[in-house]
Structures are given as structure tokens and as C-alpha cells.
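Structure first, commentary second.
All ligand and atom numbering here is 1-based and tracks the order in the structure. What's counted below: heavy atoms across the whole structure, side chains too, no hydrogens, waters or symmetry copies. Throughout, residue positions are numbered sequentially from 1 according to the sequence presented.
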Amino acid sequence: MIAFGPVPSRRLGMSLGINNIPPKICTYSCVYCQIGNTLKLDIKRQEFYDPQEVFESVKERVEEVQEKGTKIDYLSFVPDGEPTLDLNLGREIELLKNLGIKIAVITNASLLWMEEVRRDLMGADWVCVKVDAISRDVFKRVDRPHGRLSHEQILQGIARFSGEFKGELVSETMLVKGINDSEGELEGIARYLSGLELSRSYIMVPIRPPAETWAEAPGEDVLNMAYMIFKEYGLKPELLTGAERGSFGFSGDVVEDILATSAVHPMRKESVQELLDKAGKGWDVVQSLIEAGELKEVKYRGKTFYMRTLRKPDK
Ligand code: SF4
């Protein structure tokens with residue numbers, strides 16, 4: 001199926017997905033990939049579907065959804081592989097723009113060093129680029145790229161795209177325990193990202209069963225450190241860890257506020273206290289959230305922060 005959803009997405013609101021790549025062709029074989037291992041590791045762009053077919057399929061789905069009164073915020077290229085491997089991506093974006101809905105592309109950015117790929121993406125309104133590593137060996141271990149890809153060239157390509165793109169550019173960094181979560185690597189990633197024109201930098205962890213079962217999320221303390229380092233470099237980080245999903249099983253606005261906020265931005269102790277004061281509640285609220293395993297206290301450079309407890313990947 002080429003068009004699917006829409007599904008609610010934290011980043012994009014109601015997002016109607018476009019699957020323009022057959023499963024699973026990618027330039028990477030990331031250890032954390034939720035689609036499983038890459039079946040065809042490739043860097044050659046090719047035609048997969050007729051652009052008109054993609055357009056008709058999406059148009060049909062949009063009409064069905066809109067008839068039911070559901071608003072679609074984005075048409076998003078989020079395929080079972082790397083969307084820029086599609087030689088017709090630019091044409092498809094051009095056609096889809098006629099539907100009057102914003103277009104998003106989530107890419108691993110490995111082909112942005114190619115001028116035609118950057119050109120294809122120019123028509124999009126929102127593009128997310130993946131930067132999981134700054135060191136070449138870490139990059140190889142986490143993203144397991146096609147042998148003909150050069151990490152330096154990829155980083156240069158992203159920087160170039162950032163300078164040319166007129167839409168909204170965001171980054172995503174998936175952290176895997178023991179691979180790309182050291183302080184030095186995080187600093188390097190943050191330094192690099194700070195040179196781009198980014199409206200947000202998402203920090204993610206594997207939340208669905210990964211390609212390699214050993215690819216685990218780092219602990220909350222490391223995640224908090226990543227967040228703080230990104231902030232120190234002037235980025236606008238947000239955590240996207242799956243912890244923001246689901247009901248909390250607690251009542252009361254202040255509890256919801258603390259859990260919802262700390263799932264995205266770790267909260268300083270003072271900010272938590274402020275919220276409690278405003279609601280006329282005591283610190284026992286925080287204590288019971290910690291005891292219930294919903295909230296975690298973490299330290300960074302001598303300061304105390306509270307963040308939503310990470311969930312284990314869905315089975
Ligand atoms: S780039 Fe995306 S689709 Fe490709 S292997 Fe990595 S996570 Fe999977």
C-alpha cells in the first residue's frame with residue numbers, strides 16, 4: 001500500500017504516510033531499525049512506482065479521510081527504506097503539492113551530497129535528517145552504511161542542504177546504549193548540528209523491536225545528558241522516546257503536566273517545585289510518581305532533573 005494512515009505523530013500532527021520504497025531497500029542497515037534488517041543495501045537511485053500512481057493513491061486516501069471529517073496536517077514520506085532512493089521523489093512531491101497539504105520527508109540524509117537529491121527535496125515543507133554519529137567508526141557501527149558511502153561526504157551534504165533548503169529542517173539522533181551515547185560523541189554531534197539551520201533536534205531511542213535485539217536504549221541519565229549537551233550547543237532538543245504516549249493512570253492536572261513535560265524536556269527540580277506550588281500540592285506527588293516507576297530523578301553536572309521513565313520496546 002502506497003498511502004497509509006493518517007496516524008497521529010508528535011512531530012507532524014495527523015500525518016498521512018507515503019510508502020514510496022518497497023520493503024526494505026535502504027542505504028543503511030541501522031542496528032535499531034524497526035522495519036528489520038535491510039534486505040537490499042543500495043545507493044543507486046531507481047524508479048519504484050509511477051509518480052502518477054503515487055499521486056492517485058495518496059489523493060484517493062486523502063479524499064476518503066477528509067470525507068470522514070479528519071484533518072490531515074502532513075503528507076509524509078516515511079517508507080520501508082530510504083525515501084531519497086526513489087528517483088521520482090521530486091516529481092512526486094511536485095504532484096502532491098496540488099493537494100494543498102504540507103509535505104514532510106524523513107530521510108537518513110545519506111544521499112544529500114548528490115545535487116539531484118537536494119533538488120528533489122526542495123519542494124518539501126519539512127525535512128528531517130538523521131545524524132546518529134560524528135565519528136566514522138561509530139557511524140559504521142550504528143548505521144551500518146553501504147560500503148561506498150563516505151561519512152564526511154554525508155555530513156557535508158547535510159550542511160549544504162541546510163544552507164539551501166527554505167522549508168523547516170529538523171534533525172533526529174537515535175541513541176543506542178554503548179554505541180553512540182558517550183559524552184564525547186554527543187558533544188561532537190551537537191557541535192556539528194549547531195552549524196545547521198535546525199528548528200528542532202530530536203533525540204530518540206529504540207521503542208519498537210529493533211533489527212538487532214541487543215540495540216537498547218541508554219538509561220535516563222544518559223538521555224538527560226544528551227539533552228543538556230544539545231542545549232549547551234544552542235540547539236532546541238526534544239526527547240522522542242515513546243514515554244510521551246499512553247495514559248498515565250493518574251488524575252490531576254499537575255501530575256499530567258509533570259509527566260507530559262518531562263517526557264519531552266527533562267525538568268529542573270525548581271521547575272517541578274514551581275508547578276507543585278501553583279497547584280497547591282506537595283513534593284509527595286513527585287515521590288509517588290517515582291515510586292510508581294513513572295518518573296525518574298537524574299543528575300547532570302551537580303543539578304537534579306526529573307524525567308519520564310523510559311518504556312521498554314514493545315514486544
Ligand atoms: S535509515 Fe531508516 S530505514 Fe534505513 S536502516 Fe536506518 S532506520 Fe531503517
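Look at Q34 and you'll find every heavy atom at least 4.0 Å from all atoms of ligand 1.
Nearby protein atoms of type N, O or S around atom 4 (Fe) of ligand 1 amount to 1 (distance under 2.8 Å).
Residue pairs meeting the ring pair (Phe, Tyr, Trp, His ring centres under 6.0 Å) criterion with at least one member in residues 138-161, sequence neighbours excluded: Y28-F139, F139-H151, F161-F165.
In this structure, E115 does not pair ionically with R118, as no charged nitrogen and carboxylate oxygen lie closer than 4.0 Å. Here E94 pairs with R91 in a salt bridge; the nearest charged N to carboxylate O distance falls below 4.0 Å. R301 has a carboxylate O that lies under 4.0 Å from a charged side-chain N of E183, or vice versa, which qualifies the two as a salt bridge. D120 has a carboxylate O that lies under 4.0 Å from a charged side-chain N of R45, or vice versa, which qualifies the two as a salt bridge.
Remark: side-chain polar atoms of K296 are not paired, donor with acceptor, to backbone N or O of E294 under 3.5 angstrom.
Given atom 2 (Fe) of ligand 1, the protein heavy atom at minimum distance is K130 CE, 4.3 Å.
Note that CG of L193 and CG of L155 are 9.5 Å apart. Values are rounded to the nearest 0.5 Å.
By the criterion of a heavy-atom distance under 4.0 Å, neither the backbone nor the side chain of M174 is placed next to ligand 1.
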